[in-house]
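Below: one structure, written as structure tokens.
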Amino acid sequence: MVRVHVTADLPIRGSALPFADRVEVRFGKAFPVVLVIDRAALGGLRAALEQGANELDSAGGAL
């Protein structure tokens, strides 16, 4: 398992890789961690992030 702690000050950059039908998301600068997501998986990733954000909101957290 790889765990990346995303904070408010962590640089995050996303870019499309049209030739591969994927999106690349880079976290960090000097030694970035790269997340590559197939187009078919984007909806699932969006849904998981939205679900987590909704659970934080329900628990009284602030985004």
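All values below come from the heavy atoms of this structure, side chains included, with hydrogens, waters and symmetry mates left out.
Annotation: side-chain contact (heavy atoms from CB on, under 4.5 Å) contacts of Ala20 (sequence neighbours excluded): Leu17, Arg22. With sequence neighbours left out, Arg13 forms a side-chain hydrogen bond (donor to acceptor under 3.5 Å, both in side chains) with no residue at all. Applying the side-chain hydrogen bond (donor to acceptor under 3.5 Å, both in side chains) criterion to Glu50, with sequence neighbours excluded, gives no partner residue. When the side-chain hydrogen bond (donor to acceptor under 3.5 Å, both in side chains) test is applied to Arg39, the partners found at least two apart in sequence or on another chain are Asp21. Remark: Ser15 pairs with no residue by the side-chain hydrogen bond (donor to acceptor under 3.5 Å, both in side chains) rule, at least two apart or across chains.
Through direct or relayed side-chain contacts under 4.5 Å between Ile, Leu, Val, Met, Phe, Trp and Tyr, Val33 connects to Val2, Val4, Val6, Leu10, Ile12, Val23, Val25, Phe27, Leu35, Ile37, Leu42, Leu45, Leu49.
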